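What you see is a predicted model, and the numbers here were worked out from it, not measured in a lab.
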Amino acid sequence: MLGRTVPDVTLKTRVRDESVGGPNPFRWQDVHTGELFKGKRSVVFALPGAFTPTCSTEQCPAYEREYDGLKAAGADEVYCLSVNDAFVMYQWGKNLGLSKVKLLPDGSGDFTRRIGMLIKKDHLGFGDRSWRYAMVVDDGKVVAWFEEPGINDAGTDDDPYGESAPDKVLEWLKAHPAKG
């Protein structure tokens, strides 16, 4: 993955817009990943699903806790990507009390498929999901890659989490300052 340009796909997101009115003042907004990662250093971590155990109790909360450290080490932004729709991602972020990490809904799995991390979780009834990984993206290029071992479609793993943890990414950022 190192040196590759991140996939340029459209993510369907929802944003609060008081002009919409009513009890659900949100509107659709397309996010183009080619533009999102352009001209900055981003940390992206991907996980199998909102409201799932390791994602909800370990990985996402850990990145929220380490957000300021990641920013201090040179990240312009920190994103969590999952093959879930915008409604699920919003409610999950609200449930976790996230205020710093930005959630990216890859509802159709297009980004995940094109970066080579789309797996089947049919053994759990989830369908297509993301394998757990993290990356540092500089101006649209993958410059660091942290992938959990044992990628597979059969569920022959214990849902590994360690390589994609924020401490590994933070260590890399500190050792590789952004070129200004």
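Annotation for K40: atom NZ counts as buried by contact number, over 12 foreign heavy atoms lying within 6.0 Å. The environment of CD in E171 is sparse: at most 12 heavy-atom neighbours from other residues, nucleotides or ligands sit within 6.0 Å. Around the CG atom of N24, the shell of radius 6.0 Å holds more than 12 heavy atoms that belong to other residues, nucleotides or ligands.
We find the CZ-OG1 distance between R27 and T13 to be 8.0 Å, quoted to the nearest 0.5 Å. With rounding to the nearest 0.5 Å, the separation of CG in D167 from CZ in R65 is 10.5 Å. Taken from CZ in R4 to NZ in K141, the straight-line distance is 10.5 Å, to the nearest 0.5 Å. L98 CG to Y67 OH: the interatomic distance, rounded to the nearest 0.5 Å, is 11.5 Å. From K102, atom NZ reaches atom CG of L36 across 9.5 Å, with rounding to the nearest 0.5 Å. Between T33 atom OG1 and L81 atom CG the span is 9.0 Å, to the nearest 0.5 Å.
Under 3.5 Å, the side chains of S56 and W92 contain a donor-acceptor pair of N or O atoms. In this model, a donor atom of one side chain and an acceptor atom of the other lie less than 3.5 Å apart for Q59 and R132. No side-chain donor-acceptor contact under 3.5 Å links E77 and S42.
Hydrophobic cluster membership differs between F146 and V44, with clusters built from Ile, Leu, Val, Met, Phe, Trp and Tyr side chains linked at under 4.5 angstrom. Under the 4.5 Å side-chain heavy-atom criterion for ILVMFWY residues, no single connected hydrophobic cluster contains both V136 and V6. In the hydrophobic clustering of this structure, L103 groups with Y63; members are Ile, Leu, Val, Met, Phe, Trp, Tyr whose side-chain heavy atoms approach within less than 4.5 Å, directly or through other members. Hydrophobic cluster membership is shared by W145 and L104, with clusters built from Ile, Leu, Val, Met, Phe, Trp and Tyr side chains linked at under 4.5 angstrom. Clustering ILVMFWY residues whenever any of their side-chain heavy atoms sit less than 4.5 angstrom apart, transitively, puts M89 in a cluster other than the one holding W28.
Pairing each heavy atom of P160 with each of E148, the nearest pair is O-CG, 3.4 Å. The two atoms that bring A75 and L173 nearest to each other are CB-CD1, 4.3 Å, heavy atoms only. Taking each heavy atom of C55 and L47 in turn, the nearest pair found is SG-CB, 3.6 Å. Contact record, V83 with S130: CG2-N, 3.8 Å, taken as the closest heavy-atom pair. Shortest non-hydrogen contact noted between C80 and C60 is SG-SG, 4.3 Å.
In this structure a side-chain-to-backbone donor-acceptor pair under 3.5 Å is missing from N84 to V88. Between the side chain of K71 and the main chain of D76, a donor-acceptor pair closer than 3.5 Å is present. The backbone N or O of V101 lies less than 3.5 Å from a partner atom in the side chain of E64, making a donor-acceptor pair.
Considering only heavy atoms from C-beta on, M1 stays 4.5 Å or farther from M135 through its side chain. Within the 4.5 Å cutoff, the side chain of F51 has heavy atoms near those of the N95 side chain. No side-chain heavy atom of T10 sits less than 4.5 Å from a side-chain heavy atom of V31. Contact check for D159 versus P48: side-chain heavy atoms found under the 4.5 Å cut-off.
Residues R41 and D138 are paired through a salt bridge, judged by an N-O separation under 4.0 Å between the basic side chain and the carboxylate.
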Checklist entry - Which is it for D30 and K12 under the salt bridge (charged side-chain N to carboxylate O under 4.0 Å, His left out) test, yes or no, and what are the steps along the way? => result CA-CA 5 Å; D30 289 350; K12 300 292 188 180; 2.9 Å; yes

Checklist entry - Do L2 and V143 pass the side chain to side chain contact (heavy atoms under 4.5 Å, CB included) test, and can you show the C-alpha distance, the side-chain angles, and the key distance before you say yes or no? => result CA-CA 5 Å; L2 291 174; V143 296; 5.6 Å; no

Checklist entry - Should K168 and E163 be marked as a side chain to side chain contact (heavy atoms under 4.5 Å, CB included) after you check the CA-CA gap, both sets of side-chain angles, and the distance that decides it? => result CA-CA 7 Å; K168 304 255 181 170; E163 291 304 312; 3.5 Å; yes

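Taking the six-membered ring for Trp and the full ring otherwise, W131 and Y161 have centroids separated by 6.0 Å or more. Taking the ring centroids of F45 and Y79, they lie at or beyond the 6.0 Å cut-off.
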Donor-acceptor list for residues 105-122 side chains, cut-off 3.5 Å, not counting sequence neighbours:
residue: D106; atom: OD1; partner: G109; partner atom: N; Å: 3.4
residue: D106; atom: OD1; partner: D110; partner atom: N; Å: 3.1
residue: D106; atom: OD1; partner: F111; partner atom: N; Å: 3.3
residue: D106; atom: OD2; partner: F111; partner atom: N; Å: 3.4
residue: D106; atom: OD2; partner: T112; partner atom: N; Å: 2.9
residue: D106; atom: OD2; partner: T112; partner atom: OG1; Å: 2.6
residue: R114; atom: NH1; partner: D8; partner atom: O; Å: 3.3
residue: K120; atom: NZ; partner: D128; partner atom: OD1; Å: 3.3

